[in-house]
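Here is the structure we will look at, set down as structure tokens.
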Amino acid sequence: MRIGYGYDIHQLVENRKLILGGVEIPCSLGLLGHSDADVLLHAISDGLLGAAGLGDIGEYFPDTDPKYKNSDSAELLGIVHQKIQAAGYVIINLDCTIFCQIIKINPVKLEIKKNISRILGIDIQAVNIKAKTMENLDAIGQNKAIAAACVVLIQK
Ligand code: ZN
């Protein structure tokens with residue numbers, strides 16, 4: 001068994017969609033990034049790569065590569081999943097935290113869990129999503145960013 005950890009943060013800006021865990025969420029601001037800026041799927045991707053000792057998503061999908069402009073992070077996570085499967089691993093479980101002030105995560109939590117379990121082909125019980133506000137402190141608390149962290153366990 002191996003453990004992995006992933007963390008990501010993106011800036012909130014106008015005229016962008018807010019996509020978390022592959023789910024589009026109604027919001028006045030969205031996340032800025034080269035891809036669709038899905039901070040949660042990026043954290044999960046990094047957690048999986050970290051667990052398998054395969055580096056990080058920046059190595060596989062550089063934000064300087066026009067090929068990945070506005071790319072669907074669910075597809076990138078699918079590619080990452082194939083890499084860890086090719087290395088002989090299966091996912092045991094994921095535990096994720098979304099750090100977000102601007103919207104309530106609770107009403108969309110189940111949909112996000114379902115979507116991640118579908119993308120990774122794992123049981124919904126293997127995906128846990130938690131949410132934290134930042135008590136109106138720091139950049140996240142001031143609605144300037146959303147961050148996500150993920151711990152993942154994989155087994156050979
Ligand atoms: Zn990212």
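For this chain, numbers begin at 1 and follow the sequence in order. Read the numbers this way: they start at 1 and go in the same order the structure lists the ligands and their atoms.
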Mind listing the protein N/O/S atoms less than 2.8 Å away from the Zn ion (ligand 1)? Waters don't count. D8 OD2, H10 NE2, H42 ND1

Report yes if the side chains of K130 and N128 come closer than 4.5 Å at any heavy-atom pair, otherwise no. yes

Can a cation-pi geometry be assigned to K156 and Y89, taking NZ or CZ under 6.0 Å from the six-membered ring centre and within 45° of the ring axis? yes

Taking G22's backbone N and O only, do any of them form a donor-acceptor pair with D38's side chain (distance below 3.5 Å, no angle check)? yes

Treating Q101 as the side-chain partner and Q142 as the backbone partner, does any N or O pair qualify as donor plus acceptor under 3.5 Å? no

Apply ring pair (Phe, Tyr, Trp, His ring centres under 6.0 Å) to Y68 and list each qualifying residue two or more places apart in sequence or on a separate chain. F61

Under 3.5 Å: donor-acceptor pair, side chain of D36, backbone of S73: yes

